[in-house]
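In what follows, a structure is listed as C-alpha cells, so that the remarks can point back to it.
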Number of protein chains: 2
Amino acid sequence: MRRPAKRVTSADVARAAGVSAATVSYVLNDTPGQSIPEETRRRVLEAVKQLDYRPRGSARALAAGRSDVVLLSIPHLSIGPGINRFVEQFATSLAHAGLTLVTHLAGAPGRPLPDVCAAIDASVVASLDPLDDDTAQALRRAGADLVFTTEVEAHPTMRRMGRLQAEHLIALGHRRLGYAMPDHPLLRKIADDRLLGVADACAHAGIDPPLALDTKLDTTALARAARRWRRESVTAVCAYNDEVAIALLTGMRHAKLAAPDDLAVIGADDIPLAQVTDPPLSTIAFDLEKVGRSLAEAVVASLSGRKPRLTPASLSPRVIHRAST
Amino acid sequence: MRRPAKRVTSADVARAAGVSAATVSYVLNDTPGQSIPEETRRRVLEAVKQLDYRPRGSARALAAGRSDVVLLSIPHLSIGPGINRFVEQFATSLAHAGLTLVTHLAGAPGRPLPDVCAAIDASVVASLDPLDDDTAQALRRAGADLVFTTEVEAHPTMRRMGRLQAEHLIALGHRRLGYAMPDHPLLRKIADDRLLGVADACAHAGIDPPLALDTKLDTTALARAARRWRRESVTAVCAYNDEVAIALLTGMRHAKLAAPDDLAVIGADDIPLAQVTDPPLSTIAFDLEKVGRSLAEAVVASLSGRKPRLTPASLSPRVIHRAST
DNA sequence: GTAGGTTACTGATGCGCTTAAGTAACGAGC
DNA sequence: GCTCGTTACTTAAGCGCATCAGTAACCTAC
C-alpha cells in the first residue's frame, strides 16, 4: 500500500499566509486567549480556502488529546425510516457545536463497537438505548464519553412503548390483549422489552397478561394468528411494529376479519405507510427530531464536563389514534 | 474541556511485556520482514489482552499515513430496510480485511462529506451512486480513494431500475404506462432518474412515454391519481418505490379498482411489506448482500493500488413478479 | 524615562504510533 | 578464528497538529 500523495498541511497554509503554523491553528480554532488582528485572520482564511485545506482529524485528535468525532451506534435493524430524521437532526445539531457525526450499525458481526470507537478515536459514543456493561466499560477505557437517550432510572424506552400501546387499547375498553412478536431473532430483545411494557399495563389494569404469538411476514400465517386470537377472545392486538401490524391487517382481510371491530390493531414507530393502510393504522410515534436535538445537547454537555442532563421523557413516545383501534 | 484520563498506550503494553514499543507494533501488525519468536508474540498479546489495549486510530493514521477506516456515504433517505443488510455485509467483509466501516448520512445539512472524511481520516469513501465532481475532487484531495457500486460507463443504477419496471410491464402486454412520483423533494433526483429509465423502455418499445403523476402518501389523493390514469387509458403504473406502490394499492381499493386487472402496479426496492400487501406487490429487488461483498472487494483492491474492478451489473436489480402485475 | 502591561506573534515540544536504520548475539561456513 | 548472514530485537525519527512558553514591539502610566 503506497503512501498516499502529499496532502495539504497546516504548514502549507502557514507558508502561503506568511505566518507560523501555530498562528494558523489559533485562527482556525478561535483559540481563546489569543489575539489575532483581522488582517492576519483574513490572510490565513484566504490561504485555507485557496488550498482547500482541511485539518487532519487524526493529527488534531492526537495533539489535542480528544477528537471532535461523535459515534452513533444504531440498532441492528432499522427502527423504521424515522431513524433518518433523527440522525439528520442529531448530525445537524452536533455540527453547530463543531462536532462530526458518524454512525455504526450495532450488532453486526463486523466489528465490535469499542474497536470502531478506537479506530476513529471518537470522543463520545451515543446510543438510543443503554449498552451492555462490558461494552460500556471498554468504551470508557477507550476514552469515550457515553450518552444515551434514556436516563438510567426511567423506564427503558422500548418498555414504555409497549405500555402506551396497551394503555390505549385498555382505555378503549379492551379486556384481553394479544401481542404480535416479530420473527427476526435479532429483534427479539427489543420485542421482549416492548412485550413487558404491555404486560405492565395489563397487570396495572388488573386484566389477563397479553397472549403473545410469534408471527412472520406472511399473509396466511397472520390470518391464522388472527383467528387464533379471536378464538381466545382477544379483542385487540399490539404489534411489535407497524410492519407487523400492516401485515396483520392484510392477514385479517384474508380471514374476513375487519379492524377495529373484529380485532383492533395498534402498531409502533409510525412509519409513513401507517397512514395509508386500510384502515389507517393507530401507532406510537416519537418526536425524533426533538430527540436528535436533545441528544446533541447531552453530547455537548458531556464534553464540557457537565453531566448530560436529559429531558425526562427523551423519546417522548405518544399514541397516534387512527381508525384501526 | 478536560483532557480525558490517561489511556492505555503501546508503551504500557511494551513495558508489561518487557519489550520495546516497536516490537509491540510489529506483533500487532504482523509487519512483514520482522521475525518475532512465538514466545515474545505470546507475551505481547498477553499484555494486550490484560490491559485491554486498543491502538488509537488517530496515532496509527498519523504515523502510517493512512487509516484503516472506510466511510460509507448513504443517501439522504433510506432505500428501504434492505440497506441494513447491505451495510452489514459490507462491514463484515471489510472487517475481514482489517478495515473498519462507519457510515454517514449524505445530503443532510449537517456537514459536508469531505469534512467528515477529513475528521475521521478515512482512507476510502464508498458510495452507492457517484458523487458530484466537486465533492469527489475534495475527497481525493483529502487523501481518500473513492469506490462506487456503479461503473461510470454503465447505466446508473436508478435509471436501470426504472427500465426494468417498464420492460416487465411491456412484456405483459401493457401499452400505456403511468409513473407515480414521490412527493419528497429530496427524492426528486432519484425519481427523475428512475423515470428516465421508464421512458427509455417506452421509447425502445415504440409506445408513448409514461404519464407521470405527482403523488403523496394519502389514500384519497392516490385514489384520484388512479382514476386519472384510467381515464388516460393507462393500464399499468411504475411506482417510485414500494411505499408509493403500497399506498397506491390502498388508494385503488378506495376507488374500487383492483390490481392487476384495472391497473397493474409495480414497486421498487422489495421491502418486506411488499410480500404481504393485497395483492402481493411485484417489485424490483437487489441482491444487496452480494453488493456489500463486492463493494468491500473493490475497496480492498483500491487500497492495494489495483483498480477497483466491479462486476458488470453490481447492484444486479431484478424483477420480482407477484400478483399486482 | 522606564517598569509593567498588552498585542501579535514564533519556536519548540509532544501526543501515540509506524517504520527505517541500527545493533548485539549467535550460528554457519570456510 | 574470523567473517557473513540471520534472528531478535531496540533506538530514533517523524507523521500533522495543538499548545505552552517564550519574545519583540509597542503602548501606557507615573
Side-chain angles (χ1 to χ4, degrees), chain A residues 1-15 17-44 48 51 53-69 98 118-121 123 142-143, chain B residues 1-15 17-44 48 51 53-69 98 118-121 123 142-143:
Chain A
M1 308 202 189
R2 74 263 119 71
R3 267 182 108 86
K6 183 94 177 63
R7 303 193 348 219
V8 180
T9 73
S10 73
D12 296 329
V13 175
R15 210 170 307 119
V19 295
S20 71
T23 303
V24 173
S25 172
Y26 292 145
V27 169
L28 260 44
N29 298 319
D30 274 327
T31 311
Q34 295 292 334
S35 54
I36 312 279
E38 211 34 64
E39 159 63 12
T40 306
R41 177 181 302 273
R42 207 194 46 70
R43 279 210 327 275
V44 169
V48 165
L51 300 171
Y53 167 69
R54 254 173 267 269
R56 294 187 86 179
S58 50
R60 297 190 57 159
L62 190 54
R66 87 197 103 79
S67 74
D68 58 3
V69 175
I120 61 170
D121 217 335
S123 54
Chain B
M1 309 202 188
R2 73 265 117 73
R3 268 183 106 87
K6 184 93 176 63
R7 309 204 331 230
V8 179
T9 74
S10 74
D12 296 330
V13 175
R15 209 170 308 120
V19 295
S20 72
T23 303
V24 173
S25 172
Y26 291 145
V27 169
L28 259 45
N29 297 319
D30 274 327
T31 311
Q34 295 292 335
S35 53
I36 311 280
E38 211 35 63
E39 159 64 11
T40 306
R41 176 181 304 273
R42 206 194 46 69
R43 279 211 324 276
V44 169
V48 165
L51 300 172
Y53 167 70
R54 253 173 267 270
R56 294 186 86 180
S58 51
R60 297 191 60 165
L62 190 55
R66 86 198 104 77
S67 74
D68 58 3
V69 174
I120 61 170
D121 219 334
S123 54

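Everything quoted here is computed from the prediction, not taken from an experiment. Only this structure's heavy atoms are used, side chains among them; waters, hydrogens and symmetry mates stay out. Per chain, numbering begins at 1; letters A, B, ... match sequence-line order.
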task = Return the 5'-most residue of the pair B:Gly18, A:Arg54 with respect to DNA chain D, ranking by each residue's nearest nucleotide.
result = B:Gly18
Length of the line joining [X]:[atom1] and [N]:[atom2], which is rounded to integer Å:
{"X": "A:Arg15", "N": "C:dG11", "atom1": "CZ", "atom2": "P", "result": "13 Å"}
{"X": "A:Arg56", "N": "D:dA18", "atom1": "CZ", "atom2": "P", "result": "13 Å"}
{"X": "A:Arg43", "N": "C:dC9", "atom1": "CZ", "atom2": "C1'", "result": "11 Å"}
{"X": "B:Ile36", "N": "D:dT7", "atom1": "CD1", "atom2": "C1'", "result": "10 Å"}
{"X": "A:Asp30", "N": "D:dC17", "atom1": "CG", "atom2": "P", "result": "17 Å"}
{"X": "A:Gln34", "N": "D:dG22", "atom1": "CD", "atom2": "C1'", "result": "12 Å"}
{"X": "B:Arg42", "N": "D:dA8", "atom1": "CZ", "atom2": "P", "result": "15 Å"}
{"X": "A:Arg41", "N": "C:dC9", "atom1": "CZ", "atom2": "P", "result": "11 Å"}

Tell me which nucleotide among [options] gets nearest to the side chain of [X].
{"X": "B:Ala22", "options": "C:dC15, D:dT11, C:dC9", "value": "D:dT11"}
{"X": "B:Ala59", "options": "C:dG16, D:dA12, D:dA8", "value": "C:dG16"}
{"X": "B:Tyr53", "options": "C:dC17, D:dC17, C:dC9", "value": "C:dC17"}
{"X": "A:Leu62", "options": "C:dT18, C:dG16, D:dC17", "value": "C:dG16"}

request  = For A:Val19, report the nucleic acid contact type (base, sugar-phosphate, nothing); a contact means any heavy atom under 4.0 Å.
outcome  = sugar-phosphate
message = Once you apply a heavy-atom cut-off of 4.0 Å, does B:Thr9 come out as touching a base, just sugar-phosphate, or nothing?
response = sugar-phosphate
Does [N] have OP1 or OP2 under 4.0 Å away from a side-chain N or O of [X]?
{"X": "A:Arg66", "N": "C:dG16", "answer": "no"}
{"X": "B:Ser35", "N": "D:dT7", "answer": "no"}
{"X": "B:Thr40", "N": "D:dC9", "answer": "yes"}
{"X": "B:Ser10", "N": "C:dC17", "answer": "yes"}
{"X": "A:Arg60", "N": "D:dA18", "answer": "yes"}
{"X": "B:Thr23", "N": "D:dA8", "answer": "no"}

inquiry  = Could you walk me through whether A:Leu28 and A:Arg60 satisfy the side chain to side chain contact (heavy atoms under 4.5 Å, CB included) test, starting with their C-alpha distance in whole Å, then the side-chain angles of each, then the deciding distance to 0.1 Å, before giving a yes or no?
reply    = CA-CA 12 Å; A:Leu28 260 44; A:Arg60 297 190 57 159; over 6 Å; no
inquiry  = Looking at A:Arg43 and A:Glu39, is any side-chain nitrogen of the basic one under 4.0 Å from a carboxylate oxygen of the acidic one?
reply    = yes
ask   = Could one point to a donor on the side chain of A:Tyr26 or the base of D:dC20 with an acceptor on the other under 3.5 Å away?
value = yes
inquiry  = For a 4.5 angstrom cut-off between non-hydrogen side-chain atoms, does A:Thr9 reach A:Arg15?
reply    = no
task = Examine distances only and state if a side-chain atom of B:Ser58 and a backbone atom of A:Ala61 form a donor-acceptor pair shorter than 3.5 Å.
result = no
task = Keeping the roles fixed (side chain from A:Ser123, backbone from A:Asp68), state whether a donor-acceptor pair exists under 3.5 Å.
result = no
message = Tell me the closest heavy-atom pair linking A:Ala14 and A:Ala21, and the distance in Å.
response = CB-N, 3.6 Å
